[in-house]
Each structure stands twice: as C-alpha cells, then as structure tokens.
Number of protein chains: 4
Amino acid sequence: MVRVAVLGASGYGARELLKLLARHPHAEVTTLTTRQETRPHVADEHPWLRGLYDLHLENVPLDEVARRADCVFCCLPHAASAEAVAPLLDAGCKVVDFSADYRLTDAAVYQQWYQHEHPDPGRLGKAAYGLPELYRDRIIGANLVANPGCYPTSALLALAPLLKTGLASPEGIIVDSKSGVSGGGRSPKPVFHFPECNESVLAYGVGSHRHTPEIDQVLSDFAGAPTNVVFTPHLIPMDRGIFTTAYATPAQDGVTTANALATLREFYAGERFIRVLDEIPATKNVVGGNCCDLTVRVVRGRLVVLSVIDNLIKGASGAAVQNFNLIYGFEETTALR
Amino acid sequence: MVRVAVLGASGYGARELLKLLARHPHAEVTTLTTRQETRPHVADEHPWLRGLYDLHLENVPLDEVARRADCVFCCLPHAASAEAVAPLLDAGCKVVDFSADYRLTDAAVYQQWYQHEHPDPGRLGKAAYGLPELYRDRIIGANLVANPGCYPTSALLALAPLLKTGLASPEGIIVDSKSGVSGGGRSPKPVFHFPECNESVLAYGVGSHRHTPEIDQVLSDFAGAPTNVVFTPHLIPMDRGIFTTAYATPAQDGVTTANALATLREFYAGERFIRVLDEIPATKNVVGGNCCDLTVRVVRGRLVVLSVIDNLIKGASGAAVQNFNLIYGFEETTALR
Amino acid sequence: MVRVAVLGASGYGARELLKLLARHPHAEVTTLTTRQETRPHVADEHPWLRGLYDLHLENVPLDEVARRADCVFCCLPHAASAEAVAPLLDAGCKVVDFSADYRLTDAAVYQQWYQHEHPDPGRLGKAAYGLPELYRDRIIGANLVANPGCYPTSALLALAPLLKTGLASPEGIIVDSKSGVSGGGRSPKPVFHFPECNESVLAYGVGSHRHTPEIDQVLSDFAGAPTNVVFTPHLIPMDRGIFTTAYATPAQDGVTTANALATLREFYAGERFIRVLDEIPATKNVVGGNCCDLTVRVVRGRLVVLSVIDNLIKGASGAAVQNFNLIYGFEETTALR
Amino acid sequence: MVRVAVLGASGYGARELLKLLARHPHAEVTTLTTRQETRPHVADEHPWLRGLYDLHLENVPLDEVARRADCVFCCLPHAASAEAVAPLLDAGCKVVDFSADYRLTDAAVYQQWYQHEHPDPGRLGKAAYGLPELYRDRIIGANLVANPGCYPTSALLALAPLLKTGLASPEGIIVDSKSGVSGGGRSPKPVFHFPECNESVLAYGVGSHRHTPEIDQVLSDFAGAPTNVVFTPHLIPMDRGIFTTAYATPAQDGVTTANALATLREFYAGERFIRVLDEIPATKNVVGGNCCDLTVRVVRGRLVVLSVIDNLIKGASGAAVQNFNLIYGFEETTALR
C-alpha cells in the first residue's frame, strides 16, 4: 500500500483526485494539507466526499508530510509548488506535481511566461512530462512527474502524432480550445459568477495564456523543429470538458482525411485511454472518465484535428493517477475505469 | 420629460431598469450613482448598455441628485436606501425604492427580520406597495413607491385573488419558489460560483428568508386575517426567472380547478401583464418581459397555484417602470412591451 | 461471476448501469437487448462506454436471454417489462426491474394510474420493493426486485422515518420535487429540446404523475395509515439530480428541528448511502454517486424535509446495483464507491 | 403603416421578429403563415407573445398574402423560400428572405452546397445582401433583401474591413465559431436533446457547412480576390449567441494590434450596431440586442479577430428589421433599441 499525501487539497483537482484514489486498491491517503489554520474536515471542504474519507485538511510541515507519505500529489499554485516539491524529493518522496513548475525545461521561458524566477531551476528538464501516451518510458519509475496542463493535454494528443510522422508542418499551427468553467479554479471571481458566465462565451488570455510555451515545447520535441502556436482558449458555460480544434498545414502532398486518421490510429494502437473516432467527438462522451476522444479531417487543404477530454480527469487528476500507476508499476488503468 | 436618477446603478436590477428606460419616451436619465470613487463609464460597468447612455457612475451627494432628478429609482441595499430616500422625498423628489425599507408597515417586524432598527420609521405604512395589479389606486400619483420583492411578486399574484374571494384559507399556506441566480445579485460568492451552482439545485434561507413577512403582510391584507406562510426559496441553474408553486387549503366546499381558474381570470380581467393560463406556465415564456403567467389546479383537495415571472423585470425593474408610469400618469405599458 | 443481461439497453438508466457494472468484480455482462433490428454496437449507442464493452445491442428472444444470463436488469417501459419479466422468472432468472410494473401491490391502482390492465397481476405484492434502506430484509436473496422510481426514492427516504416514528402525520403531506432533464428519458420531444427547457423551469404532471401512488403506498406502509400526498414534479435545466422539498405536519407537540434531525440520524445509523446533514443539501454533492443527502427543519410548526439524489444512480441504476449486491450476498457497496 | 406578413412563422427567428415588430411604430403584422392546417393561435405557438398579437397561423395562398401585405418576411426553408418569394415579388411585395436562396450569386455554387437546383436562378445576384454595415447602399429601397446567415454575419463583420483595407490576406483564413443551440432550429432532434447537448461541446458540419460559400463570396468581394475559408462551427450549451474567432494572415509588414483596431474603428465609425472594443467581447453583452461587439489582436504574427452577436437578432430577425427600416426609409434603429 502506497501512503499518499495531497498538498493543497481544497481545489477541484484535489477533489477529483480523492474520488479516484478512493477506488484505488494500492493507495492509502494519509494526509491532506491546506494553508488554512481551521482544519476543516474533508467532508466540509468537499461535501461529495463525505463518508469516503475521515481526514482533516491540515497545515502540515513538509518534513511531517514526508514522514507520512511515500508519494505526494502536489496541487499548490506554481512557485509555491516548487518550493514544496524540492524538499519532499530530497526527503525521498515521489512527487506528481499538478503545477506548471516542472513542465517547462527552460528557466528563462518559465520566467517570461510566469513573471518570476524559477525557485528550483536545477531540476528543470529532469522531471518526466506526465503524458503517458507520449512519454510513458520516462514516467515509469520516475521520482518527479510534471502533470500536464489541461489545454496542453488536449492539444498535444491531437497534434503530436501528426508532427512526429511528418504529416503536419510545425509552422502555422492554431489551437482553438473551449473549456468548461471548472478549469478556472474554485475561487469566486466576477468572470466565473454564474449570471456572468452562464449563457455566454468569451475568449481570454488571447496571445498570453501560459499553456502556450508548454504546447510549443512538446510539439517542437515531436516535430524536431520549433513550433510557434497561436493558442486561443475560450470559456464555455459548462462545468467540465475541453474541446480543442487544432488547425495545421500538411507538410506533404496527398494528405487526406483517411491517411491522417490512419496515422492517429496507428500511433495510438493499444492505448486504452485514447479513442480515435470516425465521427466528431463531444466532450460529454469523455467527462467523468480518463479518455481522450479525437478525430481529424482534411478541409480545403488544412488539417483540422478535434479532441476532447475531461479537464479535471485526463487533464489533471486522472492523468495523475495514471502517472502514479506507472511510477509504481501498477496496472495503468487501476482506479480509472 | 421626467429627469431620472438611479442610485446604486451597478447591479443587475439597475442594468435592466436602464435597458427599459432607454426605450421610454418620457424619461431622461441624468444621473447614475455609486459609492465607488472611480467614476466608471456605464458602458464599462454594464457592457450591454454601451452606446445607449453616455454617463458615468458617480458618487453624487443627495442634494445634487435632487437638483438633477425629478424621480429617483433607488437600488441601494436596505437601510442605506431609507437613509437616501428620506432626504430625497423631503427635497421634493418622487422615489421608487427597490429595497425592502418601505415595504413593511411595522418597524418591529422590520427589525426582527432585518436585524437593525429602521432608519425612517415615521414613513412606514405611508409608501404605496408597488404591485399595480393589487394596489394600483395607491400608486397613482404617489410620492414614494416600495417596489416589491421578486419572490413576493410571484407569490402574491398567485394567492391574493384566492384569499380575497375566500376560496383559499389563510391557514396552512406553503410557498415553494425556484429562482434563477441573478436574484442573488452581482457580487461573486462561493454559492454563486459557476462550477458550484451550475448543474445543481439547493434550497436556502429555509424558515428565515426576509421575503416571508412581506408575503404575509400582503396576504393578510387580502385575506382579512393573519397568514403564516412557510416559504422555501430554491436556487436554480439559470440566469433569470422565478417559478412559484403555492399550496393552499380551500376555505369552501366545492372548490374546483374550473372555478379557481375562473376566479383568477375575473380578478385579473383587463390586466395587460397578468396572463391566466389553462396550461402549466414556464419561466421561459415570461423572461425578458413584464408578464406574470399563472394557473391553478385543485389536487386531492388542495389548491396548487403556479406562477412565473422574470425576477429582474416583473420582479424588479419592470414593476418599477410600471410604477413610474402610474406615478406620472403615462400609459401603464410604456417601455414595457 | 454472475452473468448479466440488460433488456432495453439504449436508455440513460442502462448506460449508467453499464458504467457501474464495468467496475463490478462479480458481474459479467453477456447480453444487451433492443427492439431495433440494426444491432448497434454499444459504443455507437453509448459513446461514453467505448472500450469498456465489446457487445452489440441485439433483439434476443427471452429464452435465449435466460440461457445467457443469471440476472436480468430490465429497463423496458411499463407493461412491456412485465411481459418480459414473467417468463424470465419462470426460466429461473433473477430480475431487477426498473419499470413500475412490480412496484405497486394493487392491480386496480396500477390500472387507474397507468391506464391499462396489469399483464402479470398474480405477482403483484410478491416482488421486493428495492429501496434497501427501507426494505433490506426483503431484498436479500429475492428473485424479483422492483427498483423504485426516482422521485419516490427521494421522497420516501425523506419522509418514511418521520412517519414510522410518529413525528409526522400521514395527513397533509406535500412533495415538491425538482428534477434534472435526464429523468425524462432519451427520446427527443419538444419539452426536452434544449432551447425550450434550458433557462426555464416548469411543473408537469401536476396531480397526475404516476409516482404518486408509489409514494403513497410506501408512506402508508410506514405510517400504518393511508397517506394522500400532493406531488408536484418540476423540470430543472440540468442533466441530473433531484431535489425534493417535502412538507409534513407534526403529529406530536414539541417537534423541533433538533429532534427531527436526531430521528433521521438514528433511523439511518450505519447506512453508507444516506448522509443526514446539518446543512441544506445540494444535488451537486450527490450527482455521480449513490448517496442520498438529507436534512430537516421545523418552520412555523411545519416539518420541511430536504433530500437530494442522483436520479440516474440512487434513483435508478445505483439502486439496481445495490439490490443486485443484496440479492447475491455481495458487499452492498460493491461497484458503488 | 406598412402591412407585414411573416411566412413560416413557427420558428425561433419568426418569434424574435414578432417581438421586435410589436415595438415598431410603422409596421402592422396582418398575416402569419404555416403549412399546418390546424390554425394555431400565435399565443399557443409562441407563448411569449401572448397578448401582443391576436392572430392565427394560417395556411394562406400566396396571392392572398400579397393582398394582405406590403412587405413579406420569409422564414421558410431554402428552396421552399424561393418558390414563395418569386411570385410575391411579381405581385409587387417587398421581401426580406431569411433563407439562403438569394444570398449566393452563382447557381452552380448553390447547387453544389445545397444539393438541388436553384428554383429561381434568374434573380440570383439581383437581391441585396442584407448586411447593412457592408452593403447599406444596395439595401436602401431594395425590393428583395437576402438576410444573411448568422455565422456569416459574425465572420464578415470581423474580417471584411481587414480585407478591404489590405491588412489581411485573402489566403489562409480560418473561422472558428461557437453558437448557441437556438441556431439549430425548433425541431427536436437527438443532437439538440437537452441531456445530450447540455454540458457538452461538439463541432459539426466540419468542412461541409453551407455558410462556407456565403462567407467566401462576401470576403472575396471585399478582398478583390478569392478566399477559401476553413469554417468550423461548434455547438455550445446556451440558448443564444455566436462567438467567432477568426484567424487571418497579415498582408503587410508591421500590422499591430493597435493599427488593426484603428482600422476596425475607422471602418465602423458612426455605426450604431457595431461596437469595436479594446477588451475581449462576450456573447452575453449582445444577446437580446442588435449589436455586434468585436476586437482584434495580433498574436505571433497572426491576426485574431473576435466577434459576437445574438444569432437570432443581429444574426437573423434584428438584421431583418434593420433591412426593413432601410427599405422603407425609416430611422435605421427603429424597434431595435
């Protein structure tokens, strides 16, 4: 049984993680942390979980966390996350980090997009990027896994195979994503106030969203050449789900819907959580599960790839459990059916 | 042309009021107030209104408001409202007050439910209760109109005729109301955070909602005997609309769906904004307009009255414009089609 | 391993059942039926399930179903259900019936509310009513379980303890329920067309909903005296969840919120799926799980009980799996965490 | 007073048109048609309109329509529309056609995308394309106005100025649009069934949507060179609103957000219904009105234009009333505030 701690356990990602871990036969959650000093019971913080856990969220020092847990899921904000992860790794814990802190490999890029100096630059590039369908070998047995961003997951699963196989050009990629509101976190803000975002669509972070360099980094890795994606996220009046519409230019003559689909099918052969479809995907068919559904079309000479995930599961806590399974050598689908 | 000021112009009620007044041929909005000192343009505070008004929200002293306006729509919170209304009336303004401050006639009841002393007890009972279909005569030409609460509007229009005519007993009345989230105002709070209230229903204020004494006061007036309603409001994942299901005990033998419907039809004959239906109403059919749709059934010996309104229009700003029209003698439907 | 068939597998209840059964270690789904002749793959009928089952929906004769399955979950419409259930029981299958056919014990009441003669009146009263928290002893080892209606589940769990203990009177009970749209089934109809029911609330079946006699039958059983509930269901713009607000008259002096809560807590002590709360429940906290959250208040001398369930899980497929576990002696929570 | 008929008056477009016309001082609706023979009252077909009109929807022959109306709003499906419009024009009526029949100027293109021969090819190219901000001069006094499609309206208002002024290249344009469900019409279908499309996003008509050639035709006109847009519409779980994200390649060096914004502002100077914003638009700020809000950004060398409209108003009935005002020389904003 692996003893597990969840740092920063009051958000939606942590809640979904705890739902999944409640079904995991090899994980025992021992510790939930918060910066609040009120020690709320998990059932008061996350009423859905009432009866599944009898734990309080506590402000626990890191050395105590390290004593109580073999594996730490870190759901802290960026920067705060690296400050906790570094000593935990030093103390011998395995870490799955939900923040962006160990996703990027270049401290200068991190500083440019996150507007502050990286707290632990020495470890950049040494974490496994936790998208198993793209980097499984690096995740198996890793000590530190950088759990991917939700938008990058949907975009990378759509585009990496087409870049890897040379069907798509690294130039001129556009990623137009539509996300449910839970992606914005649990803190009330005017933009997430129900009467403001219900019955409405808007874009945000146009040209400035921090998932942009993360998408570029992985796509460049698969393309073998730099990409420079234009990424536009949109807020959709629904709880969960991301629909990504990615546009790319074919890098070869004769690219058709049929051979692009075949490329995706071949690339993802045997993957339990990737379902390549003939038909157009819908977010509803993946919400609540760990699958990414996707398809591709060639429209007027342009590749249009359509992918859907549950932002809180395949885009966060499901990926984290999948990574946990790979780190410890459990069956990869454990707790994810 | 009546010069109009709106006090506390940053909320949803004020926004809807300004939409309606933009179509009113006899109203000229001269002043919008706020307690903020940043003087936001109305188009920044209410983007929907961009191009309709070229005004800023200002922190204007009351004597200046009185110089600029003949009629003041007061959208301030309770207590703050009475503190503004009293000097404006003294300065000769007409006032339509959206707050609860002048709805109740008894200062002790006010203090019990609103937990503070009434700032202007001498005027209690002297305002017209602004539900034209029940109290039109008192509103015509009034100086001070207490615009009704949204829940009371839906409940009173449903029940008052049945009490007045003796079909329903004043005892044992239950009002079960379902409201869209805009009724909760514009300030972000956890309960109104989209991922919390979307795809969910909950009750709130069970046994303690401040609209309870307001419903009792008017129903008692129509019944000629005290009522003691059990009122349960619920929050529904939609922007606007209230659906009220009211249960009452017949006070006579032989009360049937047919004669209860006939009673409602007769009571509301000639009313433009009350539509008595054979079929079950739906909030969608009244949202965006000033109508109340309603019907009644006798089920197993109990009267079940079903009514719907737009909480922001018939339940707030539409009623306010209707009252404005009555105060000044304009055609009652002006700006409300 | 229990071999399982699902009759009428194209609806939402069947889909949720199959999600749950995919996690059940002792159930093997062998057969899915439909009256369609096109043999759709389950992944085309229910895209969410793609990859979990490799089965087609087939028009299978009942004797073949009986050969392939030990236990049959019957999701057919009423009347059609009894016509299938009777021969399956005769052939030795265990049956969990989602329809209303075996819920009522009186064929005349069935005929009155369902407007046709019962196809199998001899078995009425011999099925176990599948609400484990009220009738567990009868379900254990039963051959035929009548899975309860979704509204009755929410109403009975709220009221039965108060009637059983004599706190509430059997007279004057009102059940005001608010349901998500999935309760209306999967067939497109104008009332369920998105632009009609989104952003709207309406009541339906006022005084005529078929769950009324089912609620009365069980409440009367617990009260030891006939009830005559007024039941008003409402359609809410959300996928899933039922919020029931039940009003009852205390049958004793001195009934308080505190002792009513204590009564509920005592009645449901040890129940894993019933969570008695101090605070007001919200449907969101139970959707996706098999719990019923509930609380009670005394308001102006009236008992107000508030309960929430996921209509498709605790109100249908979760209850069915819970019943399956009881029939076969598996741990009651299997596949339901 | 212009006598008005609405053909095919049972859809959402007709309903919104009738809401607007109820406020129009110079229009009198005399006739509503339907192919049904049941003569439903407009209040039963469109409950929102109860009390505004006392008319029945009738199956009226075209010659009778022509006797009763000076101007006909035709809301029939394509092909059926042209078959009605042609004789009405011959009989001297003015026509605003909501269908696609007179939007395209080339009968071959029409046949390719609509899969049947055009019923009235001689009139192609002679109708005014009813987007006043782009073609006002042709609409003034026209006999036949082809009311634009909803998606084209949002895309054309975003892109035409940038093509006209040479900022954007006609090559490589991508239009990614997100629409509320009312755009799909009023007929129940599985894809519009509430529990299917609520809480979900999907794309549809990828590479085949019929608005594609309409967008190309007008953009080519403004660019002076053929365009070949990739158009991807998406279905969003909300009633109304279109958010269009359009991507274009600058055709000049030195294109910046600032000069692109300035170009839009200059192009639309004095337009009452176009609001060029510094900030990102949201559909909520235009729904219920006739405005198009838009902005533009240069992101990594690509122009990203963001525009929003109410698909049923600026994208249909509001444009129709605006066109009606231009045809007859009324103030262009009449009934549209």
Side-chain angles (χ1 to χ4, degrees), chain C residues 10-17 19 34 36 38 40 44-50 75 150 178-204 233-242 283-284 287-288 310-313 315-317, chain D residues 10-16 19 34 36 38 40 44-50 57 75 150 178-204 233-242 283-284 287-288 310-313 315-317:
Chain C
S10 58
Y12 293 137
R15 183 192 65 199
E16 294 305 306
L17 177 65
K19 281 190 197 178
T34 175
Q36 303 170 49
T38 51
D44 294 318
E45 194 73 9
H46 298 299
W48 201 97
L49 299 174
R50 187 180 300 275
C75 303
C150 51
K178 298 88 179 164
S179 174
V181 183
S182 63
R186 200 174 171 186
S187 298
K189 292 180 190 166
V191 71
F192 306 133
H193 188 50
F194 185 91
E196 299 292 324
C197 67
N198 183 46
E199 290 289 298
S200 196
V201 175
L202 80 171
Y204 67 101
H234 301 76
L235 200 65
I236 302 298
M238 61 183 186
D239 278 7
R240 290 158 73 153
I242 288 177
T283 60
K284 174 151 268 176
V287 165
D310 183 330
N311 58 305
L312 293 180
I313 300 190
S317 60
Chain D
S10 59
Y12 294 137
R15 183 193 64 198
E16 294 305 306
K19 281 190 198 178
T34 176
Q36 304 169 49
T38 52
D44 294 318
E45 195 72 10
H46 299 299
W48 202 98
L49 300 174
R50 186 179 301 276
L57 280 71
C75 303
C150 51
K178 298 88 180 163
S179 174
V181 182
S182 63
R186 199 174 172 186
S187 297
K189 292 180 189 167
V191 72
F192 306 133
H193 188 49
F194 185 91
E196 299 293 323
C197 68
N198 182 46
E199 288 289 299
S200 197
V201 175
L202 79 171
Y204 66 100
H234 301 75
L235 199 65
I236 302 299
M238 60 183 186
D239 277 6
R240 290 159 72 150
I242 288 177
T283 59
K284 174 151 268 175
V287 165
D310 182 330
N311 58 305
L312 293 180
I313 300 190
S317 59

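Proteins come first, then strands; the chains are lettered A, B, ... in the order of their sequence lines, and each starts at number 1.
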Heavy-atom donor-acceptor pairs under 3.5 Å, chain D with chain C:
residue  : atom : partner  : partner atom : Å
D:Tyr12  : OH   : C:Glu196 : OE2          : 2.5
D:Gly185 : O    : C:His193 : NE2          : 2.9
D:Phe192 : O    : C:Phe194 : N            : 2.8
D:His193 : NE2  : C:Gly185 : O            : 2.9
D:Phe194 : N    : C:Phe192 : O            : 2.8
D:Glu196 : OE2  : C:Tyr12  : OH           : 2.5
D:Asn198 : ND2  : C:Asp239 : OD1          : 2.6
D:Asp239 : OD1  : C:Asn198 : ND2          : 2.6

Open item on the list: Quick check for you: among C:Gly184, C:Cys197, C:Pro195, which has the greatest number of heavy-atom pairs under 4.5 Å with chain D?
Closed with: C:Pro195
Task: Minimum-distance pair of heavy atoms, taken over all atoms of D:Pro188 and C:Pro190 - done: CG-N, 3.5 Å
Open item on the list: Centre-to-centre under 6.0 Å for D:Phe194 and C:Phe194, is that the case here?
Closed with: yes
